[in-house]
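Worksheet for the structure shown next.
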Amino acid sequence: MVNLGIIGCGYWGPNLIRNFNGLADSNMLICCDKDVNRLKRIKGLYPNIETTTEPATLFEDPRLDAIGIATPVFTHYKLARAALLNGKHVFVEKPITHSFETCLSLIEIAKNMDRVLMVGHTFEYTAAVSKIKEIINSGGIGVPLYISSVRLNLGLFQPDINVCWDLAPHDISIITYLLDQVPESVNCQGKSHYKKGIEDVATMTLNYKNGVIAFIHTSWLDPNKNRKTTVVGSKKMLVYDDVEQQEKIKVFDKGVDAPPYYDTYGDFQFSYRYGDIYSPRLEDYEPLGKQCEHFIDCIKQGLQPLTDGYNGLRVVSVLEAASKSLRSGGESVPVYYPYDHEKVLQPHAFQNTGTDG
Ligand SMILES: NC(=O)c1ccc[n+]([C@@H]2O[C@H](COP(=O)([O-])OP(=O)(O)OC[C@H]3O[C@@H](n4cnc5c(N)ncnc54)[C@H](O)[C@@H]3O)[C@@H](O)[C@H]2O)c1
């Protein structure tokens, strides 16, 4: 049994509490929030879980093996650091911290304390993203040419971070996982319409060494909830629509063949291919449950999580470059990631075998 505490019981924290509470190998002992009304709600749902307004109560609790953190981004570093230094395994919501330095510091502390550090890049635990990875790796769509990702909705406006730091971590983590590399540079443009300095709409371009390009469009100011990722390959094209209930992934046997050479304008003819569309079957499970289970497994078996500290660092590196680009009006900014930009997956990478139900 892994004894667990959660700090932050706002919008997202209760989802972690529900999932950890439902796992056979974890024991949700205590929850913390500085807002007592949040704690009352948790107590109403789970009368056996203890509550406190003081994070230190969790750090000093000798019964606890691990702490999950679902508080606003600027509090992550301080809370995660204290938890690690008190010998707890730590799970932190995305983005792992607000800067490269703070993230690296957590990685080093976790290493020195021999504790698991994991970030909540939930989409890497979805059946859909695992399936897309499988399709790409098997050459099913040919060589990836570009990826385009949109994550739009009306709200939720955040008071302290812009839309890039709020929504794009999901897209960056998905794209990094799929391409298995970190972009060399980023261009980012955005606009704040409601709160000065906090962009509510933005577009990001990620430029990769091997010529692949990726676009991410995020917005809190859109009439529709839209979560769609398109992967265009040299042979086929794939669309992942996370809002879709039944057929989340569609693979299109569509493409363009250019003539190998041409002498005259008349010879120059692209041929367009309009073939079949198929939707692969996906395992049916809650990704958050899979992610929580993976955290517990890593603690019990001493494994490195799929979404470990470096995985968090890669996303923060891209976000930092995007922030610099945003301030410069969209100039290209190199991504500072002083490790291998390619082959980023860890040797103990999680195998998503999926579960039914
Ligand atoms: N993985 C996902 O899909 C996903 C989805 C939504 C949010 N998140 C992440 O979850 C985290 C929290 O987001 P949210 O939307 O739940 O925010 P929120 O503002 O709704 O909740 C945060 C809670 O933390 C509490 N809190 C703040 N500082 C605290 C402190 N020092 N000690 C104790 N409690 C404190 C607040 O009172 C609040 O109840 C963020 O990192 C966010 O990016 C992840």
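Numbering of ligands and ligand atoms starts at 1, following listing order. Index from 1, following the sequence.
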When Ile, Leu, Val, Met, Phe, Trp and Tyr are grouped by side-chain heavy atoms lying under 4.5 Å apart, directly or through other members, which residues fall in the same group as L326?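 Members other than L326 - counting any ILVMFWY side chain reachable under 4.5 Å - there are none.
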Nonpolar side-chain network containing F252, other nodes, edges under 4.5 Å: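 Members other than F252 - counting any ILVMFWY side chain reachable under 4.5 Å - are L145, Y146, I213, F215, V232, M237, V239, I277.
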With sequence neighbours excluded, residues passing salt bridge (Lys or Arg N to Asp or Glu O under 4.0 Å) with D33: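 Residues passing salt bridge (Lys or Arg N to Asp or Glu O under 4.0 Å) with D33: none at all.
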Heavy-atom distance under 4.5 Å between the side chains of H294 and M118, does that happen here?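 Yes; the side chains approach each other to less than 4.5 Å.
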Starting from the N and O atoms of ligand 1, collect every protein N/O partner closer than 3.5 Å and put each pair on its own line with the distance to 0.1 Å.
from     : atom 1 : to   : atom 2 : distance (Å)
ligand 1 : 1 (N)  : E93  : OE1    : 3.1
ligand 1 : 1 (N)  : T122 : OG1    : 2.9
ligand 1 : 3 (O)  : H170 : NE2    : 3.4
ligand 1 : 16 (O) : Y11  : N      : 3.2
ligand 1 : 16 (O) : W12  : N      : 2.8
ligand 1 : 20 (O) : Y11  : N      : 3.0
ligand 1 : 34 (N) : K34  : N      : 3.3
ligand 1 : 37 (O) : D33  : OD1    : 2.6
ligand 1 : 39 (O) : D33  : OD1    : 3.2
ligand 1 : 39 (O) : D33  : OD2    : 2.7
ligand 1 : 41 (O) : T71  : O      : 3.4
ligand 1 : 41 (O) : H76  : NE2    : 3.1
ligand 1 : 41 (O) : K94  : O      : 3.0
ligand 1 : 43 (O) : K94  : O      : 2.7
ligand 1 : 43 (O) : K94  : NZ     : 3.0

With rounding to the nearest 0.5 angstrom, report the CD1 to CD1 distance, I136 to I141.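 Going from the CD1 atom of I136 to the CD1 atom of I141 covers 4.5 Å.
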Anything under 30° is parallel, anything over 60° is perpendicular, the rest tilted; go ahead and classify F91 against F20.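 Plane angle over 60°, so perpendicular.
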